[in-house]
Amino acid sequence: MTKSVLVGISGGVDSAVAAVILKERGYRVEGLYLRNGFPLVSEQNAAAIADRLGFPFHVLDISNPFRKDIVDYFAKEYLAGRTPNPCIVCNKKVKFRYLINEADRLGLDYIATGHYARVEMGKEGFRLLKGVDGTKDQTYFLFQLGQEELGRLIFPNGDRTKAQIRKIGKHLAIPSGKESQEICFIPDDNYRGFLESYPVTLPPPGNIVDTAGAVVGRHQGTHTVTIGQRKGLNIASSRPYYVLEINRGRNEVIVGRDEDQLSHGLMAANCSWISGTVSDRSFNARAYIRYRHRGVEAEITPLTGERVQVRFETPQKAIAPGQAVVFFEGDSLLGGGWIEGRFRDV
RNA sequence: UGGGGCGUCGUCAAGCGGUAAGACACAGGAUUUUGAUUCCUGCAUCCGGAGGUUCGAAUCCUCCCGCCCCAA
């Protein structure tokens with residue numbers, strides 16, 4: 001009764017090593033590469049890895065849903081003056097969904113990826129825990145997963161460090177691309193250029209104003225800036241300016257000083273919870289307002305309609321609508337939601 | 001064309017006879033499975049122009065050019 005698993009192979013070391021670990025643990029491994037329609041060399045790497053490690057390799061073309069659910073969303077958010085997080089949406093709507101679909105179709109028991117996160121069975125169902133390597137923890141990108149996904153998931157890399165993974169990868173002579181990864185469908189990391197080549201109507205140039213309303217510069221379309229941004233504003237001053245807010249209605253970008261970025265809390269919508277439910281009372285947890293954020297103690301107050309109000313113990317900078325806020329209790333990810341806006345004091 | 005002030009890196013700005021600080025901006029890199037942030041490095045052989053004084057000037061003198069005030 002050998003257990004079988006479908007590993008999402010991306011072409012990088014992480015997923016390759018995940019497959020290796022599973023093989024060593026005695027799983028019957030098959031690999032799946034999700035072709036998103038944005039040609040990259042990674043598909044060849046993925047095939048080479050499967051070939052080298054000797055397991056069946058499948059390719060599934062998910063170009064259409066990827067374009068519709070991820071790329072269109074990505075562009076739409078920027079045009080609306082928000083800061084999208086395509087990886088989170090992709091994980092929920094594309095990556096893990098199709099991985100599970102294919103596992104079902106192929107008759108495989110589990111699915112696995114190279115994420116740095118852990119799944120554990122608790123008394124209230126499956127729990128999603130931070131990876132042991134705190135610096136590489138990727139649970140932030142997984143907050144929308146639920147019990148159904150977690151029940152099928154294995155994260156072999158979650159209890160290892162990146163250094164250990166690299167070592168195994170090197171030992172296996174896995175073809176390694178460059179380590180840095182940007183948005184997978186924008187290889188040159190130039191999202192502004194990508195938007196400009198995407199079939200959408202871009203916002204026109206407009207004014208950059210300070211907190212007093214004075215015009216201090218010009219922007220080349222609100223989609224070219226994001227909350228918290230400093231570089232590229234082209235405003236010479238005694239101190240740097242940061243983007244505080246994007247006003248699509250007036251087509252203005254509001255900038256201010258470093259301290260103006262501080263917020264006491266935020267409102268988030270479309271929340272989801274790992275356990276499937278959340279108490280209707282306020283509770284305390286550690287809030288993370290972006291990937292690799294150090295986290296801040298906060299009081300979370302659930303509101304109607306899957307919304308929450310979050311108050312920070314200490315003010316936080318650069319709250320960006322469109323980004324996700326997630327909540328932890330220790331190493332356990334409780335859930336999260338999408339940032340709608342910040343508030344400075346109540 | 002009477003009086004006064006000022007002209008130093010794209011911007012702001014130190015320096016006031018001893019051989020061009022700093023900040024912002026900008027560029028490149030590092031970090032990063034989102035966007036930012038952060039970090040590192042680079043960035044005026046030259047101080048509006050031309051002469052002069054001096055061992056030596058952005059710093060003193062002369063003239064010119066350009067701004068800005070005040071008064072006509």
Side-chain angles (χ1 to χ4, degrees), chain A residues 8-16 18 34 36 40 42 70-71 73-92 94-96 113-117 131 133-144 155 157 162 165 176-187 189-195 208 210 216-218 222-246 253 255 257-262 288-294 316-326 336 338-339 342:
Chain A
I9 302 294
S10 70
V13 264
D14 291 341
S15 55
L34 294 172
N36 67 8
L40 297 172
S42 59
I70 309 306
V71 187
Y73 144 82
F74 177 80
K76 203 184 78 188
E77 286 286 280
Y78 266 118
L79 298 192
R82 287 189 293 270
T83 308
N85 192 319
C87 293
I88 294 176
V89 179
C90 176
N91 282 336
K92 176 65 180 180
V94 178
K95 188 175 289 178
F96 289 101
T113 65
H115 284 90
Y116 288 83
D133 188 339
T135 63
K136 299 298 291 184
D137 174 54
Q138 291 168 323
T139 43
Y140 178 80
F141 294 105
L142 305 171
F143 89 88
Q144 290 193 301
F155 292 130
N157 297 359
K162 181 72 180 188
I165 300 299
S176 63
K178 60 176 189 298
E179 188 53 46
S180 284
Q181 203 152 327
E182 52 287 311
I183 300 173
C184 72
F185 53 92
I186 307 178
D189 204 20
N190 178 4
Y191 81 83
R192 295 159 181 96
F194 179 83
L195 288 174
I208 298 178
D210 64 18
V216 292
R218 295 282 292 172
T222 56
H223 62 289
T224 63
V225 302
T226 186
I227 305 296
Q229 180 177 324
R230 165 182 173 172
K231 298 284 182 184
L233 298 177
N234 234 301
I235 306 170
S237 179
S238 57
R239 295 172 59 204
Y241 274 113
Y242 296 85
V243 173
L244 261 34
E245 193 183 323
I246 294 169
V253 170
V255 297
R257 303 307 188 179
D258 196 27
E259 62 273 17
D260 295 325
Q261 299 195 94
L262 292 169
Y288 294 71
I289 58 173
R290 66 174 68 83
Y291 178 54
R292 288 172 63 234
H293 183 218
R294 60 185 304 181
Q316 300 297 304
K317 290 179 184 175
I319 310 293
Q323 291 288 292
V325 57
V326 306
W338 296 93
I339 297 173
R342 64 156 171 165

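Here is the naming used below: chain letters follow the sequence lines, and residue numbers restart at 1 for every chain. The shown structure was predicted, so the numbers you read here are calculated from the model rather than taken from an experiment.
A/Asp258 is linked by a salt bridge (Lys or Arg N to Asp or Glu O under 4.0 Å) to A/Lys317, counting only residues two or more places apart in sequence or in another chain.
Proximity of A/Ile235 to A/Val255: side-chain heavy atoms (C-beta onward) are separated by under 4.5 Å at one or more points.
Under the salt bridge (Lys or Arg N to Asp or Glu O under 4.0 Å) criterion, no residue pair touches residues 224-237 of chain A, with sequence neighbours excluded.
Between the P atom of B/A23 and the CD1 atom of A/Ile235 lies a distance of 19 Å, rounded to the nearest Å. Look at NZ on A/Lys95: it is 12 Å from C1' on B/U34, rounded to the nearest Å. Here the P atom of nucleotide B/C24 and the CG atom of A/Asp210 are 18 Å apart, to the nearest Å. What separates OH of A/Tyr116 from P of B/U34 is a distance of 14 Å, to the nearest Å. Following rounding to the nearest Å, A/Arg292 (CZ) and B/G35 (P) show an atom-to-atom distance of 11 Å. Distance, A/Tyr241 OH to B/A23 P: 18 Å, rounded to whole Å. With rounding to whole Å, A/Phe96 atom CZ is found 15 Å from B/U33 atom P. When rounded to the nearest whole Å, the span between CD of A/Glu245 and C1' of B/A36 equals 16 Å.
Separating the P atom of B/U59 from that of B/C9 is a span of 15 Å, rounded to the nearest Å. Remark: the separation of the C1' atoms in B/G15 and B/A57 is 13 Å, to the nearest Å. With P as the reference atom, B/C26 and B/G17 are 37 Å apart, rounded to whole Å. With both ends at atom C1', the span from B/A23 to B/U62 equals 36 Å, rounded to whole Å. A distance of about 24 Å separates the P atoms of B/G51 and B/C6, rounded to the whole Å. Using P as the reference atom, B/A21 and B/G29 are 27 Å apart when rounded to the nearest Å. With C1' as the reference atom, B/G56 and B/U45 are 16 Å apart, rounded to whole Å. Taking atom C1' in both B/U32 and B/A14, one finds a spacing of 38 Å when rounded to whole Å.
Counting non-hydrogen atoms under 4.0 angstrom, A/Gln138 reaches a base of the nucleic acid. In this structure, A/Arg294 reaches neither bases nor backbone, as no heavy-atom distance under 4.0 Å exists between it and the strands shown. Residue A/Ile88 is out of contact with every strand shown, counting any heavy-atom pair closer than 4.0 Å. Contacts of A/Gly232 with the nucleic acid, taken as non-hydrogen atoms under 4.0 Å apart, involve only primed sugar atoms and P, OP1 or OP2. Heavy atoms of A/Tyr191 sit under 4.0 angstrom from primed sugar atoms or phosphate atoms, though from no base atom. Within 4.0 Å (heavy atoms only), A/Pro84 reaches at least one base atom of the nucleic acid. Residue A/Thr226 is classed as a base contact, given a heavy-atom separation below 4.0 Å to a base. Nucleic acid contact class of A/Ala320 (heavy atoms, under 4.0 Å, all strands): base. A/Asn190 comes within 4.0 angstrom of no nucleic acid atom, judged by non-hydrogen atoms across all strands.
Comparing A/Thr135 and A/Gln261, the nucleotide of RNA chain B nearest to each residue sits closer to the 5' end for A/Thr135. Projected onto RNA chain B by closest heavy-atom contact, A/Arg290 and A/Ser237 fall at different nucleotides, the more 5' of which corresponds to A/Ser237.
For the pair A/Ser42 (side chain) and A/Gly11 (backbone), a donor-acceptor distance under 3.5 Å is absent. Checked by atom type and distance alone, the side chain of A/Tyr73 pairs as donor or acceptor with a backbone atom of A/Asn85 at under 3.5 Å. Panel note: side chain A/Lys92, backbone A/Gln144; a donor-acceptor pair is recorded below 3.5 Å. At least one donor-acceptor pair closer than 3.5 Å links the side chain of A/Arg342 to the backbone N or O of A/Leu262. Checking side-chain atoms of A/Asn157 against main-chain N and O of A/Gly114 turns up a donor-acceptor pair under 3.5 Å.
Side-chain contact of A/Asp210 with A/Tyr241: a donor-acceptor pair under 3.5 Å is absent, judged by distance alone.
RNA chain B forms stems at B:2-7 with B:65-70, B:10-12 with B:22-24, B:26-30 with B:38-42, B:48-52 with B:60-64, each a run of 3 or more consecutive Watson-Crick or G-U wobble pairs whose two key distances fall under 3.5 Å.
Within the structure, every side-chain polar atom (N or O) of A/Tyr242 is placed at least 4.0 Å from both OP1 and OP2 of B/U37. Note on A/Arg230: a side-chain N or O is less than 4.0 Å away from OP1 or OP2 of B/A25.
For B/U34, its base sits under 3.5 Å from the side chain of A/Gln323 at one donor and acceptor pair at least.
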Using side-chain contact (heavy atoms from CB on, under 4.5 Å), reason through A/Thr226 and A/Val243 one step at a time and then give a plain yes or no.
CA-CA 7 Å; A/Thr226 186; A/Val243 173; over 6 Å; no
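Checking B/A25, B/G35, B/A36 against the side-chain heavy atoms of A/Ile183 singles out B/G35 as nearest. Checked against B/A25, B/G35, B/U32, the side chain of A/Thr83 finds its nearest nucleotide in B/G35.
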